[in-house]
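Values below: every heavy atom of this structure, side chains too, minus hydrogens, waters and symmetry copies.
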Protein chains: 2
Amino acid sequence: MATTQDRQLVEQWRSIQNSYFRTAAAIDRALEAKFDIGLNEFEILDLVAESVDSACRMKALGERTPMTQSAVSKVVDRLEKAGLVSRMTCADDRRSLYLELTDAGRALHSDAAVEHRALLKENLGE
Amino acid sequence: MATTQDRQLVEQWRSIQNSYFRTAAAIDRALEAKFDIGLNEFEILDLVAESVDSACRMKALGERTPMTQSAVSKVVDRLEKAGLVSRMTCADDRRSLYLELTDAGRALHSDAAVEHRALLKENLGE
DNA sequence: TCAATCTATATGACGCGTCATTCAATGACA
DNA sequence: TGTCATTGAATGACGCGTCATATAGATTGA
């Protein structure tokens, strides 16, 4: 019943879990310590930073991340409270919101991104 | 500042995240629906099932999973409440506990494992 | 053998993500 | 234009994982 293939699958899965958790934890701690934001906050910040257009984006964000819509909403709450991002209402669809980095947000993002990339390289690349 | 290598790293990381989350969510939902246990509960059950010796294992479990010691403790709480596992005190070190599957635990595990492996195959291997 | 230290596990407060629901705005269609 | 369904986002209850701590048992060394 426990075939060799099963064992391989389980091994593969555990190794994915481990590398995912170790990397995520390392980044999360570092960002928390140095910039006082968590990994998910950074990921959203990063997505906002890389989208140049001013399209309505709360929705789009949800499609680029495994986070739930409500998770995104709450992450944005925190980012907004921290003064890193602001929600702008959207003229063409008043249900929608788009996000903009504040100056503080842009500054923090560019510093944090360096750290983020470095930790990715350390944990993913050899 | 945003080098090509950086972009590649970020891409790689997002793809890991996505495959991790999608797989974990799929397994979690399926196990929840069919067996009323979550993914972490199953993982612990799986670890207990595959350790043949009767060594004191709460500790050992913590080393084979990215979960925290307290997370393991709480997962075991739930498994015990569900009657799938029992905590046995350890003669040679009375601080330690080892775990044993109950009959119900063994039965559920062997059914759930089939589902688990199938979903791994579906999500990891093509 | 007694104190100091260490180790295995449990526990409570807390933060975050999820689900279900809600609300407002939009669209579709008669 | 009025109704009904749909969509973008926010919210509250809830479950789970984490951190810091607590507790009981083990170990070391004078």
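- Ion pairing of B/K121 with B/E115 is absent here, as no side-chain N (NZ or NE/NH1/NH2) approaches a carboxylate O to less than 4.0 Å.
- Checking C/dT26, C/dA8, C/dT11 against every side-chain atom of B/S96, the shortest atom distance belongs to C/dA8.
- Comment: A/D111 does not engage A/R106 in a salt bridge, judged by the lack of any side-chain N to carboxylate O separation of less than 4.0 angstrom.
- In this structure, A/D77 places its CG atom 13 Å from C1' of C/dG17, rounding to the nearest Å.
- When atom types are taken as modelled, the side chain of B/T102 and the backbone of B/G83 share a donor-acceptor pair closer than 3.5 angstrom.
- Atom C1' of nucleotide D/dA10 and atom CG of A/L97 are separated by 10 Å, given to the nearest angstrom.
- Rounded to an integer number of Å, the gap from CG of B/L61 to C1' of C/dA10 is 16 Å.
- Comparing A/M67 and B/R87 against DNA chain C, the residue whose closest nucleotide sits nearer the 5' end is B/R87.
- If you run side-chain contact (heavy atoms from CB on, under 4.5 Å) between B/V85 and each of B/L79, B/D77, B/V75, only B/L79 comes through.
- The side chain of B/K59 lies closest to C/dA8 when the candidates are C/dT18, D/dT11, C/dA8.
- Both A/F21 and A/D93 lie near DNA chain D, and the one whose nearest nucleotide falls closer to the 5' end is A/D93.
- Residue B/D28 contributes atom CG, which lies 16 Å from atom P of C/dG17 at whole-angstrom precision.
- Atom CD1 of B/I37 and atom C1' of D/dC16 are 15 Å apart (whole Å).
- Here D/dG17 is the nucleotide among D/dG17, C/dA10, D/dA9 with the atom lying nearest to any side-chain atom of B/R78.
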Please list, one pair per line, the donor and acceptor atoms closer than 3.5 Å that link side chains of residues 66-74 of chain A to other protein atoms, with sequence neighbours excluded.
none

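- As rounded to whole Å, 12 Å separates atom P of D/dT7 from atom CD of A/E63.
- Looking only at distances, no side-chain donor or acceptor of A/T65 sits under 3.5 Å from a matching main-chain atom of A/G62.
- Taking atom CG of residue A/N40 and atom P of nucleotide C/dT18, one finds them 8 Å apart after rounding to whole Å.
- One atom, CZ of A/R94, and another, C1' of D/dA9, lie 15 Å apart when rounded to the nearest Å.
- Within the structure, side chain to side chain donor-acceptor pair (under 3.5 Å) pairs that include any residue of residues 15-33 of chain B comprise A/E43-B/Q17 (at least two apart or interchain).
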Summarise how protein sits on nucleotides 19-24 of chain D as a single string, 5' to 3': B when a protein heavy atom is under 4.0 Å from the base, S for sugar-phosphate-only contact, - for no contact.
-> B-----
